[in-house]
Colleague: 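Here's a structure for you.
In the text below, chain A, chain B and the rest are named by the order of the sequence lines, each starting its count at 1.
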2 protein chains.
Amino acid sequence: MGYAFGVDEVAGAIADPVRREILAMLRERRMSAGQIADRFAISRPAVSRHLRVLRASGLVHDELTGRRRFYRLDPAPLARLAEWLTPFVADHPASAAWSRRFDALETEVYRTRRDRRRTPAGEPPAGTGRGPATKSVRPSTKDGGEERSA
Amino acid sequence: MGYAFGVDEVAGAIADPVRREILAMLRERRMSAGQIADRFAISRPAVSRHLRVLRASGLVHDELTGRRRFYRLDPAPLARLAEWLTPFVADHPASAAWSRRFDALETEVYRTRRDRRRTPAGEPPAGTGRGPATKSVRPSTKDGGEERSA
DNA sequence: CGAAAGCGTAACCCATTGGTTACGGATTAG
DNA sequence: CTAATCCGTAACCAATGGGTTACGCTTTCG
């Protein structure tokens, strides 16, 4: 029980560079579909479908706000993937500690979720510097004062 | 430098249940292409191509012995995948310890390899109990005394 | 109310994937 | 030498995947 999304979906989702990039972006802050799409050179519908894949794999959750749809990360499925690959890396290095961490993750994630919801304020750190590598033009999106819209 | 196989290939490789199963089998002992194929319901050429994918991703290495081709696991690429997903799980749980483990892995793997070569004896524990779930008939393979052939 | 913004979906294309059967090359057995 | 084994590759096919453009629905703005 409890295993809704399989390793297949998660691994398949991660196998695409665009989707990995999206996940990386979402790690810092939640973003609307348009904000995400603006950072890639591909068309918006293409991004939309990537988002559908991520949704189907459980890696992101979407919440509709007005006419925009915001996506936020849910790392839990990644934990399951990590769980799968644990025995491979755990064969000889230290083993037990790993599973522990993953075990704790799903719980942690839950708490995290609450925290995020209580911190909808503007633009955290803005990140590691890892640019999208694809486009990152960010044209005049007119969304200057995003996020605090509601 | 150094990074020959990307996350794309590795994630793509493990996205398939057959290939994951193969990796799991290879975790216990090296196996010939035929031995592997015998454990699946699909045709042997199909398995052969799965093996090609695994080879291309660096997850297995092959060594030709007589008319048989043996495959053995190389977990190192998995470590790189784990490396990628670390920041996602490390955001809130403890973080540093992880990277350490992965760092050590590639080295450990190397040692492991040597150990395996020095322990070619018959049938280890037979594993976690996770059967192939597909066929697992293991017909009279005629390979009764395998492995110590050399 | 109309016009524009924001986003998902549909229809279509081409490249890739996973499966099948048929084949060929190398090695071992008789 | 001839036959059988082991295993990869080729050719073919149905299904998937990722991209594009065209469209339609809902929500906001003027």
Side-chain angles (χ1 to χ4, degrees), chain A residues 8-22 30-57 60-72 134-135 138-150, chain B residues 8-22 30-57 60-72 134-135 139-147 149-150:
Chain A
D8 285 56
E9 288 76 17
V10 179
I14 291 179
D16 186 283
V18 172
R19 289 194 288 264
R20 279 202 308 279
E21 181 60 38
I22 292 177
R30 76 172 195 174
M31 295 177 72
S32 72
Q35 290 175 341
I36 296 172
D38 282 343
R39 302 221 180 183
F40 293 94
I42 62 180
S43 71
R44 194 186 49 68
V47 173
S48 189
R49 284 211 317 204
H50 280 300
L51 289 172
R52 174 160 53 182
V53 173
L54 290 174
R55 246 182 290 135
S57 72
V60 302
H61 290 237
D62 62 312
E63 43 191 303
L64 206 48
T65 304
R67 60 184 164 182
R68 288 184 297 180
R69 185 182 298 268
F70 283 98
Y71 288 90
R72 74 185 153 66
T134 18
K135 193 192 195 180
R138 191 145 53 136
S140 53
T141 323
K142 199 183 300 180
D143 277 311
E146 68 204 15
E147 197 69 308
R148 68 184 65 220
S149 56
Chain B
D8 284 57
E9 287 77 17
V10 179
I14 68 175
D16 185 283
V18 171
R19 289 194 289 264
R20 279 202 308 279
E21 181 60 38
I22 292 177
R30 76 170 194 174
M31 295 176 71
S32 71
Q35 290 174 341
I36 296 172
D38 282 342
R39 303 221 179 182
F40 293 94
I42 61 179
S43 71
R44 194 187 49 68
V47 174
S48 189
R49 285 210 318 201
H50 280 301
L51 289 172
R52 175 161 50 181
V53 173
L54 290 174
R55 245 182 291 134
S57 71
V60 302
H61 290 238
D62 61 310
E63 43 192 304
L64 206 48
T65 304
R67 60 183 165 182
R68 287 184 297 179
R69 186 182 296 266
F70 284 97
Y71 289 91
R72 74 184 154 69
T134 17
K135 194 189 189 180
S140 52
T141 324
K142 196 183 302 180
D143 278 308
E146 67 205 15
E147 197 69 312
S149 56

Colleague: Rounded to whole Å, how long is the line connecting atom CZ of R52(A) with atom C1' of dT9(C)?
Modeller: 7 Å
Colleague: Kindly write out the residues that satisfy side chain to side chain contact (heavy atoms under 4.5 Å, CB included) with A15(A), not counting sequence neighbours, or none if the list is empty.
Modeller: A11(B)
Colleague: When rounded to the nearest 0.5 angstrom, what is the spacing between CD1 in I36(B) and CD in E21(B)?
Modeller: 11.0 Å
Colleague: Could you list the residues that satisfy side chain to side chain contact (heavy atoms under 4.5 Å, CB included) with A56(B), not counting sequence neighbours?
Modeller: none
Colleague: Looking at every non-hydrogen atom in both residues, tell me the closest pair between A13(B) and L54(B) and how far apart they are.
Modeller: CB-CD2, 4.2 Å
Colleague: Do the charged groups of D8(A) and R20(B) touch, with an N to O distance under 4.0 Å?
Modeller: yes
Colleague: Report the distance from atom CD of Q35(A) to atom P of dG8(C), rounded to the nearest whole Å.
Modeller: 12 Å
Colleague: Round to the nearest Å and state the distance from F70(B) atom CZ to dC7(D) atom C1'.
Modeller: 12 Å
Colleague: Per the end-axis method with five pairs at each terminus, what is the bend angle of the helix from dC1(C)-dG30(D) to dG30(C)-dC1(D), to 10°?
Modeller: 10°
Colleague: Would you indicate, yes or no, if dG8(C) has its OP1 or OP2 atom less than 4.0 angstrom from a side-chain nitrogen or oxygen of R69(A)?
Modeller: yes
Colleague: Rounded off to whole Å, could you give me the CG-to-P distance for the L51(B) and dC7(D) pair?
Modeller: 10 Å
Colleague: Identify each atom pair where a protein N or O and an N or O of nucleotides 12-18 of chain C are less than 3.5 Å apart, giving names and distance.
Modeller:
unit_1	atom_1	unit_2	atom_2	d
dG18(C)	OP1	R19(B)	NH2	3.3
dG18(C)	OP2	R19(B)	NH1	3.4
dG18(C)	N7	R49(B)	NH2	2.5

Colleague: Compare every heavy atom of L51(A) with every heavy atom of V60(A), then report the nearest pair and how far apart it is.
Modeller: CG2-O, 4.3 Å
Colleague: To the nearest Å, how far apart are L54(B) CG and dC7(D) C1'?
Modeller: 16 Å
Colleague: Would you mind reporting whether H50(A) and D16(A) have side-chain heavy atoms less than 4.5 Å apart?
Modeller: yes
Colleague: So that I can tick it off, tell me whether R69(B) and E63(B) are bridged by a salt bridge, with the cut-off set at under 4.0 angstrom between side-chain N and carboxylate O.
Modeller: no
Colleague: Whole angstrom is fine here: how far is it from CZ in F40(A) over to C1' in dC7(C)?
Modeller: 17 Å
Colleague: Using OP1 and OP2 only, check whether a side-chain N or O of S43(A) sits under 4.0 Å from dT21(D).
Modeller: no
Colleague: Could you please name the option among dC7(C), dG19(D), dG8(D) that lies closest to any side-chain atom of Y71(B)?
Modeller: dG8(D)
Colleague: Can you name the salt bridge (charged side-chain N to carboxylate O under 4.0 Å, His left out) partners of R19(A), sequence neighbours left out?
Modeller: none
Colleague: Check the interface with nucleotides 24-30 of chain D: list each N/O to N/O pair with the protein under 3.5 Å, or write none.
Modeller:
none

Colleague: Output the distance between atom CZ (R68(A)) and atom CG (D62(A)), rounded to the nearest 0.5 Å.
Modeller: 14.5 Å
Colleague: Do I22(B) and Y71(B) have side chains that get closer than 4.5 Å, going by heavy atoms?
Modeller: no
Colleague: With a 3.5 Å distance limit and no angle check, can you tell me whether S32(A) reaches the backbone of Q35(A) through a side-chain donor-acceptor pair?
Modeller: yes
Colleague: Ignoring backbone atoms, test whether S32(B) places a side-chain nitrogen or oxygen under 4.0 Å from the OP1 or OP2 oxygen of dC7(D).
Modeller: yes
Colleague: Using whole Å, report how far CD1 of I42(A) lies from P of dG17(D).
Modeller: 16 Å
Colleague: Starting from P on dG8(C), measure out to CZ on R68(A) and report it in whole angstrom.
Modeller: 13 Å
